[in-house]
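Sequential numbering from 1 along the given sequence is applied to the chain's residues. Predicted model, so just to flag it, every value in this text is computed and none were measured.
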Amino acid sequence: DFGLVKGTSDLESFTITGQVMGSPLFMAPEQAKGETITPATDRWAIGMIAFQLLNGRPYWTANNVSHLLARIVYEKVAPPSAVGCDLGSAFDAWFLRSCSPDPARRWATTAAQVEALGQALGVDAAARAQAARSSFVQHALSAAGAFAGDDGLTLRAMAPDARPRR
């Protein structure tokens, strides 16, 4: 589960043997209440982590762990745009589904959640995959002492002094 990371403050790490465990900042309501943990719990965490990564701050603020857990369990999650993170309505919809208080209303799979996040942020998955393949091929050719010509098809030997050193 994404919540089992040691943090540097009380709000980042909270574990009591046989009780609630994890990083409260990313805890789903069912986890904060000590209920059954499912893959949907991790999908909540992905939503909270994405919010923090894209906004530079956690979604929740609190004075202490008890206050934070109470907020998670009892407060309605607002759209990111309502709390100062305006990444557009598509991200708002993605986040609200990711962090639905009802685990059954969250994404059915993590793959679907991640794909939808890319769409919400305007990231073209096909272009991303092509760039990764191209980068891999260029790295492999470089390691082999070759490079692709301007047409992308012709392989040419690199000068010995231009080869990467290991």
Side-chain angles (χ1 to χ4, degrees), residues 1-140:
D1 138 312
F2 288 107
L4 297 176
V5 176
K6 177 72 174 146
T8 58
S9 78
D10 288 344
L11 295 180
E12 293 176 4
S13 179
F14 181 63
T15 302
I16 299 174
T17 304
Q19 302 270 334
V20 175
M21 8 189 309
S23 300
L25 288 171
F26 308 132
M27 267 189 195
E30 65 273 13
Q31 186 176 12
K33 293 186 280 187
E35 296 175 356
T36 301
I37 305 302
T38 68
T41 306
D42 286 336
R43 294 188 192 109
W44 168 288
I46 290 170
M48 289 293 166
I49 290 167
F51 178 94
Q52 184 166 340
L53 290 172
L54 294 168
N55 197 46
R57 66 175 177 81
Y59 179 85
W60 301 108
T61 57
N63 298 323
N64 55 51
V65 173
S66 297
H67 180 219
L68 177 62
L69 294 176
R71 290 193 71 196
I72 291 168
V73 171
Y74 297 110
E75 287 185 22
K76 183 178 179 183
V77 175
S81 60
V83 294
C85 177
D86 193 7
L87 292 171
S89 60
F91 181 73
D92 279 357
W94 178 88
F95 180 80
L96 291 174
R97 183 168 176 188
S98 296
C99 298
S100 171
D102 178 0
R105 298 192 67 157
R106 296 180 201 148
W107 300 95
T109 67
T110 304
Q113 182 184 24
V114 170
E115 179 66 28
L117 175 60
Q119 291 172 359
L121 296 175
V123 177
D124 180 359
R128 206 173 54 244
Q130 177 59 35
R133 282 191 298 275
S134 177
S135 175
F136 173 78
V137 168
Q138 289 299 329
H139 180 72

**Q** Are L121 and L54 packed together at the side-chain level, in the sense that at least one heavy-atom pair is separated by less than 4.5 angstrom?
**A**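 Contact flag for L121/L54 side chains = yes.
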**Q** What closest approach, in Å, do N55 and C85 show between heavy atoms, and which atom pair accounts for it?
**A** OD1-CB, 3.4 Å
**Q** Once rounded to the nearest 0.5 Å, what's the spacing between atom SG of C99 and atom NZ of K76?
**A**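 Interatomic distance, C99 SG to K76 NZ, rounded to 0.5 Å: 13.5 Å.
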**Q** Rounded at 0.5 Å granularity, tell me how far OG1 in T38 sits from CD in Q31.
**A** 10.0 Å
**Q** Say you draw a straight line from OG of S98 to CH2 of W44; how long is it, rounded to the nearest 0.5 Å?
**A**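 Those atoms lie 10.0 Å apart.
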**Q** I'd like to know if the side chain of T41 and the backbone of I37 have a donor-acceptor N/O pair within less than 3.5 Å.
**A**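 Looks like no, no N/O pair under 3.5 Å.
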**Q** If we ignore hydrogens and angles and just use 3.5 Å, is the side chain of W60 paired with the main-chain N or O of I72 as donor and acceptor?
**A**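 No, W60 side chain to I72 backbone: no donor-acceptor pair under 3.5 Å.
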**Q** Nearest 0.5 Å, please: how far is CZ in R106 from CZ in R97?
**A** 12.0 Å
**Q** D92 side chain to S81 main-chain N or O, any donor-acceptor pair under 3.5 Å?
**A**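 Flag set: sc D92 to bb S81 pair under 3.5 Å.
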**Q** Any side-chain heavy atom of F91 within less than 4.5 Å of one from D86?
**A** no
**Q** Can you name the nearest heavy-atom pair linking F95 to A78, along with the distance?
**A** CE2-O, 3.9 Å
**Q** Applying side-chain contact (heavy atoms from CB on, under 4.5 Å), run through V65 and L69 and close with a yes or a no.
**A** CA-CA 6 Å; V65 173; L69 294 176; 3.9 Å; yes
**Q** Is a salt bridge present between R43 and E30, judged by a nitrogen-to-oxygen distance below 4.0 Å?
**A**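 Salt bridge between R43 and E30, a charged N being under 4.0 Å from a carboxylate O: no.
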**Q** Looking at Y59 versus F26, is the centre-to-centre ring distance below 6.0 Å?
**A**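 No.
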**Q** If you round to the nearest 0.5 Å, how far is OG1 of T110 from CD1 of I46?
**A**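 Rounded to the nearest 0.5 Å, the CD1-OG1 separation comes out at 4.5 Å.
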**Q** Check R71 against T61 and note the closest heavy-atom contact, atom names and distance.
**A**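 Minimum heavy-atom separation between R71 and T61: NH1-O, 2.5 Å.
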**Q** Starting at CH2 of W94, measure out to CD of E115 and round the result to the nearest 0.5 Å.
**A**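 W94 CH2 to E115 CD: 12.5 Å, rounded to 0.5 Å.
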**Q** Using the salt bridge (Lys or Arg N to Asp or Glu O under 4.0 Å) criterion, which residues pair with R57? Sequence neighbours excluded.
**A** none
